[in-house]
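As the structure lists them, so they are numbered: ligands from 1, and atoms in each ligand from 1. All of these numbers come straight from a predicted model, not from anything done at the bench.
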Amino acid sequence: MSQGLSWYIIVIVLFNVLGMLALIWWSGKGSSKKVAEGEEMGHVWDGDLREFNNPLPRWWLWMFYITIAFALVYFALYPALGKTKGVLNWTQEKAWEKEEKKADEEFAAFFQQFDGKDLTMLAGDPGAVRAGKRLYLNYCSQCHGSDAGGARGFPSLADNDWLYGGEPENIRTSILAGRNGMMPPFGPVLGDDGLEDVAAYVMQLNGRQVDDAKAKAGQEKFALNCAGCHMPDGTGNKFLGAPNLTNNIWVYGGSPGAIKMSIREGRNGVMPAHKDFLGEQKVELVAAYVLSLTEAAKEQ
Ligand code: HEC
Ligand code: HEC
């Protein structure tokens, strides 16, 4: 807020408060000195509508003064007038930090009961999974979906198909340290025809009917350009997060257009690191929830 705007607000607010005081004073002075309370003021409207001298009860008037006094005290204590800080030096950040600290203290005992248990055990503990699910809904669902089923560009965490592996330590690392998949753009390398060929081969890997000649040409190009990351058989590499291209499960969509777009433009999925943001205790619980989904998917 600029200095000018701050003063502008201060002047308007104080002017209004003073205006309120003036209004009370002005409406209270009346002509009660000349007419006794309860007597007629001598004004008549519509033939028989008479005004009596009935001032506001005292307590009512005091309410007005008290609210005005409250406002002035509030202005002094809190940052309520333009840029002024207020005597208490209150800020939203400090209030939030205080609440956070209180919540952390309150929940510490709750989280401690899970300390030192291994992830597989936690995934079988209904209390831990329930707590993990709540954390998941707060911190993960906006990207991975409220059922963890994923969305375009955001992998499903519930299908037992993994970019980076579904072992407890893989899942924990994905969440703690984040991930960054790097699929370079191959449009310029392959050219238009080359792109059609490789895409045909990728679709053939997924059991789709395609032009055989194209797929054959694509297979050579795949071996040359793609096998290094996606492996010669196309089943992917979990160290690089290079997806399996043979199981018809897609992060970015499996339509011919989406597959060609992945190859032509490249992809660059970013999973943010949550270590500093959530802390290891909470990550452990949310990881337990994700692991429990995997276990459920395996059983199906
Ligand atoms: C801002 C969006 C975003 C948020 C928030 C987010 N993720 Fe992710 N996550 C991603 C993306 C994108 C990927 C894929 C990264 C890649 O392509 O390399 C991913 C990958 C993962 C993986 C690896 C999946 C695999 O197949 O190996 C796990 C596990 C995961 N996220 C769990 C979580 C959990 C648990 C949370 C909440 C604490 C979370 N994510 C929050 C976007 C997000
Ligand atoms: C440097 C390693 C690397 C090379 C080389 C590479 N890819 Fe990828 N590819 C990846 C990674 C990593 C991803 C996942 C990107 C992400 O998570 O955002 C990916 C994603 C894809 C996808 C999207 C998959 C999905 O689930 O939606 C397709 C399709 C694909 N690659 C095909 C190819 C083809 C065809 C080639 C060769 C022309 C190729 N890739 C070469 C690493 C590579």
Side-chain angles (χ1 to χ4, degrees), residues 132-145 148 150-191 194-206 218-231 234 236-275 277-279 282-291 293-294:
K133 181 171 185 180
R134 272 200 298 274
L135 292 166
Y136 175 88
L137 289 174
N138 270 327
Y139 299 113
C140 323
S141 59
Q142 70 273 35
C143 289
H144 291 285
R152 176 166 292 207
F154 303 103
S156 165
L157 305 178
D159 61 358
N160 201 28
D161 176 61
W162 297 97
L163 299 170
Y164 298 93
E167 294 306 315
E169 63 273 18
N170 305 137
I171 295 176
R172 182 191 290 127
T173 307
S174 289
I175 305 169
L176 280 178
R179 301 286 193 182
N180 187 358
M182 288 204 254
M183 160 79 197
F186 275 90
V189 180
L190 295 170
L195 180 71
E196 293 292 330
D197 294 345
V198 177
Y201 177 64
V202 170
M203 287 188 265
Q204 194 180 56
L205 285 176
N206 287 278
Q219 183 169 11
E220 281 167 32
K221 297 196 175 81
F222 189 92
L224 205 64
N225 295 295
C226 323
C229 293
H230 291 281
M231 304 310 277
N237 181 337
K238 296 198 164 54
F239 287 107
L240 300 171
N244 184 341
L245 300 177
T246 68
N247 60 1
N248 224 352
I249 297 176
W250 305 95
V251 181
Y252 295 98
S255 68
I259 291 174
K260 277 183 235 168
M261 174 123 165
S262 290
I263 302 172
R264 192 186 328 112
E265 320 258 335
R267 301 286 192 185
N268 193 356
V270 177
M271 158 75 194
H274 281 73
K275 183 169 175 202
F277 176 50
L278 284 182
K282 288 181 185 162
V283 167
E284 204 66 5
L285 286 177
V286 83
Y289 169 65
V290 172
L291 193 61
L293 297 174
T294 313

How far apart are the closest heavy atoms of R179 and T173, and which atoms are they?
NH2-CB, 3.9 Å

Short list, please: which atoms of ligand 1 are under 4.0 Å from a heavy atom of Q142?
5 (C)

Donor on one side chain, acceptor on other, N247 and D161, under 3.5 Å:
yes

With heavy-atom distances below 4.5 Å as the criterion, would you say the side chains of K221 and C226 are in contact?
no

Of all protein heavy atoms, the one nearest atom 32 (C) of ligand 2 is L245 CD1, 3.6 Å

Would you call M203 and P256 a side-chain contact if the rule is heavy atoms closer than 4.5 Å?
yes

Need the ligand 2 atom indices (1-based, order shown) with element for anything under 4.0 Å from a heavy-atom of V198.
35 (C)

Under a 4.0 Å heavy-atom limit, does I263 contact ligand 2 with its side chain, its backbone, both, or neither?
side chain

Atoms in ligand 2 with a heavy atom of S262 nearer than 4.0 Å
22 (C), 23 (C), 28 (C), 29 (C)

Could you pull out the closest heavy-atom pair between A199 and K260, with the gap in Å?
CB-CG, 3.6 Å

In this structure, are over 12 heavy atoms from other groups packed under 6.0 Å from E220 atom CD?
no

Which heavy atom in L176 sits nearest to a heavy atom in A273, and how many Å separate them?
O-CB, 3.4 Å

Top protein contact for atom 41 (C) of ligand 1, by heavy-atom distance
H274 CE1, 3.6 Å

Show me which atoms of ligand 1 lie under 4.0 Å from any heavy atom of N180.
18 (O)

Below a 4.0 angstrom heavy-atom separation, can you tell me which part of V189, side chain or backbone, both or neither, approaches ligand 2?
neither

Quick one: angle H230 NE2 - atom 8 (Fe) of ligand 2 - M183 SD, to the nearest 10°?
180°

Candidate list T246, I259, D197, test side-chain contact (heavy atoms from CB on, under 4.5 Å), partner V202, passing option
I259

Please confirm whether the backbone N or O of N248 pairs with a side-chain atom of N206, one donor and one acceptor, at under 3.5 Å?
yes

Taking backbone and side chain together, does C226 place any N/O/S atom at a distance below 2.8 Å from atom 8 (Fe) of ligand 2?
no

Any heavy atom of G228 sitting closer than 4.0 Å to ligand 2?
no

Sub-4.5 Å side-chain heavy-atom contact between F154 and V251
no

Counting from 1, what ligand 2 atoms have a heavy atom of F186 closer than 4.0 Å?
5 (C), 6 (C), 38 (C), 41 (C)

Within a distance under 4.0 Å of any heavy atom of R267, pick out the atoms of ligand 2 and give their elements.
15 (C), 18 (O)

Between G132 and V286, the two heavy atoms sitting closest are O-CG2, 3.6 Å

Has the side chain of H230 got a donor or acceptor atom that lies under 3.5 Å from a matching backbone atom of P243?
yes

Evaluate the ring planes of H144 and Y136, with Trp represented by its six-membered ring, and classify them as parallel (under 30°), tilted (30 to 60°) or perpendicular (over 60°).
tilted

I'd like to check which ligand 2 atoms, numbered from 1 as shown, lie under 4.0 Å from a non-hydrogen atom of C229.
1 (C), 2 (C), 3 (C), 4 (C), 5 (C), 42 (C), 43 (C)

Under 4.0 Å to a heavy atom of G153 - the qualifying atoms of ligand 1, by number:
12 (C)

When every non-hydrogen atom of S174 is compared with those of Y164, the smallest separation belongs to OG-CB, 4.0 Å

Atoms of ligand 2 under 4.0 Å from any heavy atom of L240, numbered from 1 in the order shown, are 12 (C)

Could you tell me which atoms of ligand 2, counted from 1 in the order shown, lie closer than 4.0 angstrom to a heavy atom of N268?
18 (O)

Heavy atoms only: which of V270, V290, L163 is nearest to atom 25 (C) of ligand 1?
L163

Quick note on ligand 1: atoms under 4.0 Å from a heavy atom of G181 include exactly 16 (C), 18 (O)

How close does the nearest protein non-hydrogen atom get to atom 42 (C) of ligand 2, and which residue and atom is it?
M182 O, 3.6 Å

What are the two closest heavy atoms between A258 and G253, and how far apart are they?
CB-O, 3.5 Å

For G269, the ligand 2 atoms with a heavy-atom partner under 4.0 Å come out as 16 (C), 18 (O)

For atom 13 (C) of ligand 2, what is the closest protein heavy atom, and at what distance to 0.1 Å?
P243 CD, 3.2 Å

Parallel, tilted or perpendicular: ring planes of F277 versus Y139, cut at 30 and 60 degrees
perpendicular

If you measure every N/O of V251 against every N/O of ligand 2, is any gap under 3.5 Å?
yes

Just wondering, do M261 and Y252 contact through their side chains at under 4.5 Å, heavy atoms?
no

Does any part of the side chain of F186, heavy atoms only, come nearer than 4.5 Å to the side chain of V198, both counted from C-beta?
no

Of the protein's non-hydrogen atoms, which lies at the shortest distance from atom 5 (C) of ligand 2, and what is that distance?
N225 O, 3.3 Å

Between ligand 1 and Y164, is the shortest N or O to N or O distance under 3.5 Å?
yes

Please list, in chain and residue-number order, the protein N/O/S atoms closer than 2.8 Å to atom 8 (Fe) of ligand 1.
H144 NE2, M271 SD

Is there a side-chain contact between I249 and N244, using heavy atoms and a 4.5 Å cut-off?
no

Among non-hydrogen protein atoms, atom 18 (O) of ligand 2 lies closest to Y252 OH, 2.4 Å

